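What you see is a predicted model, and the numbers here were worked out from it, not measured in a lab.
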Amino acid sequence: MPLFRTPKAPAPLAGFLQGASIEVMPRTAVGVADFRAVLPAGTQVFVAHIDGTPVADMIATVARLSNEGMAPVPHIPARIVPDRAALAEWIAAYRDAGADRALLLAGGLSAPRGEFADSMQMLDTGLFGDFTRLFVAGHPEGNRDIDPSGGEAEVMRALRWKADYAERTGADMEIVTQFCFEAQPVIDWAARLSAAGLNLPVRIGVAGPAKLQTMLKFAIMCGVGPSLRVLQRRARDVTKLLVPYEPNDFVAALARHKAANPDFAVVAAHFFPLGGISASTDWLSRARDE
């Protein structure tokens, strides 16, 4: 019997979290006995392809998630794909394993190992036509790997290209972002997207519950921007040092904004289980009920 329960009232927070997705890695997915026990059927579970992870492990995880009633979304990092032939093989294998959607991103390497440097080059191959939905990366607080001097000119240029691609091809495309800790930078970023005519739906990154030290380590490693100050303020409060961080305030603020502004581009939350998958799925279950 699944452990989650269906919310009884369409409160802003519960409604905002109904379409939530979550990210796993093959090695962390092994620790979950059965995803049906912790997530609603059809949940989009993104499978992160970290450099060094065997493709066979990725395919096996995708197949397992599909068999357990989830909607697997494998990451395809451009810079670790050897060539077009390998990309075609990976796509076919993921389709055979039960995936009909994927997240395309450049990947964390400073230079490509093969012929692809970014997701736009992969999209240009035309190999993703059989996928029903494509996800691309977004950066509400910028990305210094893409815009080394700060700002967001290159990030916005890339999103414009992808939005044009979606319009040109009819692809169902969503933006998935890095995790953030403060709602206002996300709200401001979404307003800039709208002002620029970029109308792709956004799945906002949310850091799942974790120890504060763990959260700070990942936030710095992943280049989280101004919203990092939320954690820094918490770290200065000795009464909270031993209490795990939970995303209550961040998600609730976005849910309230969405309820008041239905056109807000953020349509769902995407959880990074930095403190473990069970911590995030337990939090999600409680938040949906409350």
Side-chain angles (χ1 to χ4, degrees), residues 1-50 53 57-75 94 97-103 132-133 135 174 176-181 203-212 214-215 218 222 243-252 254-255 258 266-290:
M1 175 70 69
L3 299 180
F4 63 87
R5 290 173 289 171
T6 302
K8 298 178 178 62
L13 182 59
F16 184 73
L17 291 173
Q18 286 316 296
S21 52
I22 192 168
E23 190 151 313
V24 303
M25 293 180 285
R27 64 178 177 81
T28 58
V30 171
V32 180
D34 190 332
F35 278 90
R36 288 168 290 196
V38 296
L39 290 170
T43 295
Q44 294 185 112
V45 181
F46 288 60
V47 186
H49 192 162
I50 306 301
T53 301
D57 291 356
M58 288 287 299
I59 296 167
T61 304
V62 166
R64 179 199 163 186
L65 288 166
S66 180
N67 290 336
E68 292 179 7
M70 303 297 115
V73 185
H75 288 201
Y94 289 142
D100 62 2
R101 56 200 79 182
L103 168 61
T132 61
R133 183 174 301 163
F135 297 89
E174 288 187 15
V176 182
T177 80
Q178 178 58 274
F179 55 86
C180 305
F181 298 99
R203 190 166 287 269
I204 193 69
V206 178
K211 294 179 181 178
L212 184 58
T214 301
M215 198 68 68
F218 278 108
C222 296
V243 179
Y245 165 88
E246 293 187 340
N248 306 48
D249 293 343
F250 174 58
V251 178
L254 291 176
K258 181 68 175 179
V266 174
V267 297
H270 177 66
F271 279 79
F272 292 83
L274 304 184
I277 295 173
S278 62
S280 287
T281 56
D282 288 349
W283 185 91
L284 262 171
S285 180
R286 294 195 308 272
R288 283 169 169 150
D289 281 351
E290 292 169 4

Are side-chain heavy atoms of [X] and [Y] found at a separation under 4.5 Å?
{"X": "Lys258", "Y": "Val266", "value": "no"}
{"X": "Phe250", "Y": "Ile204", "value": "yes"}
{"X": "Trp283", "Y": "Asn248", "value": "yes"}
{"X": "Phe272", "Y": "Val206", "value": "no"}
{"X": "Met25", "Y": "Ile50", "value": "yes"}
{"X": "Tyr94", "Y": "Pro72", "value": "no"}

Considering all heavy atoms, the nearest [X]-[Y] contact:
{"X": "Ser66", "Y": "Ala97", "result": "CB-O, 3.5 Å"}
{"X": "Pro26", "Y": "Val47", "result": "CD-CG1, 4.0 Å"}
{"X": "Phe179", "Y": "Ala207", "result": "CB-N, 3.8 Å"}
{"X": "Ser21", "Y": "His270", "result": "OG-ND1, 2.7 Å"}
{"X": "Thr53", "Y": "Met58", "result": "CG2-CG, 4.1 Å"}
{"X": "Ala29", "Y": "Arg64", "result": "O-NH1, 2.8 Å"}

Rounded to the nearest 0.5 Å, what's the gap from [atom1] on [X] to [atom2] on [Y]? Could you check?
{"X": "Phe35", "Y": "Glu68", "atom1": "CZ", "atom2": "CD", "result": "7.0 Å"}
{"X": "Leu13", "Y": "Leu254", "atom1": "CG", "atom2": "CG", "result": "10.0 Å"}
{"X": "Asn67", "Y": "Arg36", "atom1": "CG", "atom2": "CZ", "result": "8.5 Å"}
{"X": "Ile22", "Y": "Gln44", "atom1": "CD1", "atom2": "CD", "result": "12.5 Å"}

- Item | More than 12 heavy atoms of other groups within 6.0 Å of Arg27 CZ |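 12 or below, so no.
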
- Query: Would the number of heavy atoms belonging to other residues, nucleotides or ligands and lying under 6.0 Å from CG of Asp34 be above 12?
  - Reply: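 It does: Asp34 CG has more than 12 such atoms within range.
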
Got a donor-acceptor contact below 3.5 angstrom from the [X] side chain to the [Y] backbone?
{"X": "Thr43", "Y": "Pro40", "value": "yes"}
{"X": "Arg203", "Y": "Gly19", "value": "yes"}
{"X": "Thr281", "Y": "Leu39", "value": "no"}
{"X": "Thr28", "Y": "Val24", "value": "no"}
{"X": "Ser280", "Y": "Ile277", "value": "no"}
{"X": "Thr61", "Y": "Asp57", "value": "yes"}

- What class does the angle between the rings of Phe135 and Phe46 fall in, given that below 30° is parallel, 30 to 60° is tilted and above 60° is perpendicular?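 Perpendicular: the ring planes of Phe135 and Phe46 meet at over 60°.
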
- Message: Could you check whether Glu174 pairs with Arg101 (Lys NZ or Arg NE/NH1/NH2 to Asp/Glu carboxylate O, under 4.0 Å)?
- Response: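 No.
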
